[in-house]
Amino acid sequence: MLGAITGVIAPALAMAASPPGAASCLGCHTVNGGDNPVPPIGALEAEQIVSAMQAFRTGARPATVMDRVAKGFSDEEIKAIAQWYASAKPK
Amino acid sequence: MTLVEANSTYVACPFSNAVIAGLRELDQQKFGYDRLRGNGIDVVHRKVTAVDTKSRSVRLDDGKQLAYDRLVVAPGIDLRFDAIPGYTEASAEAMPHAWKAGEQTLLLRRQLEAMNDGGVVVMSAPANPFRCPPGPYERASLIAHYLKTHKPRSKLILLDAKDAFSKQKLFEAAWKELYPGMIEWVSLSFGGQVTRVEPATRTFITEFGTHKADVANVIPPQRAAAVAAIAGVADQTGWCPVDPVTFESRLQPGIHVLGDAIIAGGMPKSAFAANSQARVCAAAVVDLLRERTPASPKLINTCYSLVAPDYGISIAGVYQPANGLLTDVPGAGGVSPMEAPKSFRAQEATYADAWFKTITRGVFG
C-alpha cells in the first residue's frame with residue numbers, strides 16, 4: 001500500500017492537533033460507540049477520562065489491558081488527551 | 001491524495017489463524033477500498049514499478065506517473081524463499097506458509113481437514129524479526145484446538161529458530177491446561193533450527209534430526225516487501241530505518257515508511273502498531289507540508305492472541321522516541337497476568353474480536 005500525498009486531507013488535519021498518545025486510543029476505542037464492548041471514548045467527559053486513567057494506573061480500577069497502557073502516561077499527558085477528546089465531541 | 005494498492009481486495013492477517021482452525025471464514029477477513037474512494041481518496045489498483053526520488057514521482061505498471069510532495073509507503077513483508085534450502089515459492093503448495101492471508105490460509109486449513117486422526121502437524125517459526133511475533137504460537141494453539149476437537153490422537157510439533165518467544169509463559173501455561181501433551185515446542189537450543197526441507201515428503205531437517213509431517217507449515221524468514229527496495233528505503237538488513245517522530249525514511253527524504261517493514265525499535269510488527277504509526281505519520285506529514293515541526297509522539301500497541309475461541313491473552317506497550325528509535329516507556333506495558341480466572345481470558349477474547357472490528361472499520365470504513 002502506498003500513498004502519494006499531494007494535498008491535505010481533513011481527518012489527518014484534525015489528528016495533527018492531537019496531543020501525544022491520543023491517536024492510538026482509536027486502535028480499540030470508537031468515538032461514537034455502536035455494537036462494541038469497548039467504551040466509546042467520545043461519550044466521556046474530560047474528567048471521566050482523567051479519573052479512569054488515573055484509577056487504571058494505580059490499579060484502583062480493575063482492567064484487562066488499560067492498567068498496562070495507563071502506566072505509560074503522565075498526569076499532564078492524560079489531561080491533554082482527555083481535553084482533546086472532550087473538545088472534539090459534537091456539540 | 002492517491003492510494004496505490006496492487007490488490008483490489010485486502011485480506012487481513014489478524015484472525016486468519018482462526019480461519020485455519022475452522023473457527024472463522026476467509027470472507028470475514030476481506031475488505032474493499034470503495035469507502036475510501038467515497039472519502040475523496042483516489043484509489044488506484046496498480047503496481048509501483050519505480051520511484052524517482054529526484055523528480056519526486058512514482059511510476060505505475062501501466063506507465064502512468066504520479067507526482068508527490070510526500071510519499072507514504074506501507075510495504076508489508078515478503079517471505080524469503082532463499083532462506084531455507086528446499087523451501088521455494090513452489091514448495092509452499094506442499095508446505096504452506098499461510099503467513100500472508102488468502103489462498104495459503106485456505107490451503108493449510110484444507111490440509112488439516114484432510115489429515116487422519118493420529119497425524120503429526122509440524123510447524124516451523126523463524127528467528128526475529130518477523131511479522132506478528134506471537135502469531136506462530138497463536139496458530140499452534142488454534143490448530144491444537146482443532147485437533148483436540150476433531151482429531152484428538154494427533155499432535156503438533158513446533159520447531160523454533162529461537163529460545164524464547166512472545167507471551168511465552170502464558171502460552172505454555174495455557175497449552176498445559178487446554179492441550180496437555182498435544183503441542184511439543186522445540187527451541188533453538190534443542191534442535192529447533194530448520195536447516196533444510198524436503199517438500200515432496202513434507203520433511204523438516206534440523207541440526208538434530210528429521211521430522212516427517214502429515215501437515216507441514218513453514219513460516220520462513222522475512223524482509224520488507226519488494227516495493228521497499230523499489231523506493232530505496234530498505235537497508236542491508238532487508239528492513240527500513242525511519243525517523244521515530246515522522247516515520248520519514250533515513251535513506252530517502254520525502255518518503256515515509258510504516259508498519260511491518262520498518263525498524264521500529266521496541267514496537268513489534270503488529271497491525272495495531274502499524275495503525276498507531278500511520279496516525280502519527282499522517283499528522284507529521286500535515287505538519288511538514290505546513291512547514292511546522294512535528295511534536296514528539298507517543299504510540300501504543302496492544303496485541304491479542306487467541307489460545308482457544310474463548311481464551312484470549314494480550315501484550316501491550318507504550319512507546320516514545322529515544323536515541324533515534326521507538327522505545328518502551330519504562331513501567332508501562334507487559335502481558336496479561338499469569339494467574340487469572342476463566343472470565344478474564346474470555347473477556348480478552350471478546351476484546352480481541354472487538355479490536356478487529358474497530359480497526360478494520362477505522363481503516364476501510
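Protein chains get the first letters and strands the later ones, always in sequence-line order, with residue 1 at the start of each.
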Quiz item: Which one of Pro297(B), Pro337(B), Gly334(B) has the most heavy-atom pairs closer than 4.5 Å to chain A?
Solution: Gly334(B)
Quiz item: When rounded to the nearest 0.5 angstrom, what is the spacing between CD in Glu348(B) and OG1 in Thr64(A)?
Solution: 4.5 Å
Exercise. Give a yes or no on whether Arg35(B) atom CZ has more than 12 heavy-atom contacts from other residues, nucleotides or ligands under 6.0 Å away.
Key: no
Quiz item: Between Ala354(B) and chain A, which part of the residue has a heavy atom less than 4.5 Å away: side chain, backbone, both or neither?
Solution: both
Quiz item: In terms of heavy-atom pairs under 4.5 Å, which option from Pro62(A), Cys25(A), Gly21(A), Gly72(A) contacts chain B the most?
Solution: Gly72(A)
Exercise. Assess the side chains of Arg68(A) and Ser314(B): does a donor N or O sit below 3.5 Å from an acceptor N or O?
Key: yes
Quiz item: Any idea which of Thr350(B), Ile359(B), Val44(B), Val335(B) has the most non-hydrogen atom pairs under 4.5 angstrom with chain A?
Solution: Val335(B)
Quiz item: Can you find a heavy atom in the side chain of Thr358(B) that is under 4.5 Å from one in the side chain of Asn36(A)?
Solution: yes
Practice problem: Decide yes or no for Tyr351(B) and Pro37(A): does some side-chain heavy atom of the first lie under 4.5 Å from some side-chain heavy atom of the second? | Solution: yes
Quiz prompt | Nearest heavy atoms of Phe272(B) and Ser24(A), plus distance in Å | solution = CZ-O, 3.7 Å
Quiz item: Just wondering, more than 12 heavy atoms not from Asp62(B) lying within 6.0 Å of its CG?
Solution: yes
Quiz item: Say you draw a straight line from OG1 of Thr30(A) to CZ of Arg361(B); how long is it, rounded to the nearest 0.5 Å?
Solution: 8.5 Å
Quiz prompt | Trace of the side chain to side chain contact (heavy atoms under 4.5 Å, CB included) decision for Val65(A) with Tyr304(B) | solution = CA-CA 10 Å; Val65(A) 73; Tyr304(B) 290 101; 3.9 Å; yes
Quiz item: Considering residues, nucleotides and ligands other than Lys100(B), do more than 12 of their heavy atoms fall under 6.0 Å from its NZ?
Solution: yes
Quiz item: Is a salt bridge present between Glu76(A) and Lys298(B), judged by a nitrogen-to-oxygen distance below 4.0 Å?
Solution: no
Practice problem: Measure distances from Leu258(B) to the heavy atoms of chain A and classify the residue's part below 4.5 Å as side chain, backbone, both or neither. | Solution: neither
Exercise. Under 4.5 Å heavy-atom distance to chain A, tell me which part of Ser57(B) shows up: side chain, backbone, both or neither.
Key: neither
Quiz item: Taking all atoms of both residues into account, what is the closest heavy-atom pair of Phe344(B) and Ala63(A), and its distance?
Solution: CE1-O, 3.5 Å
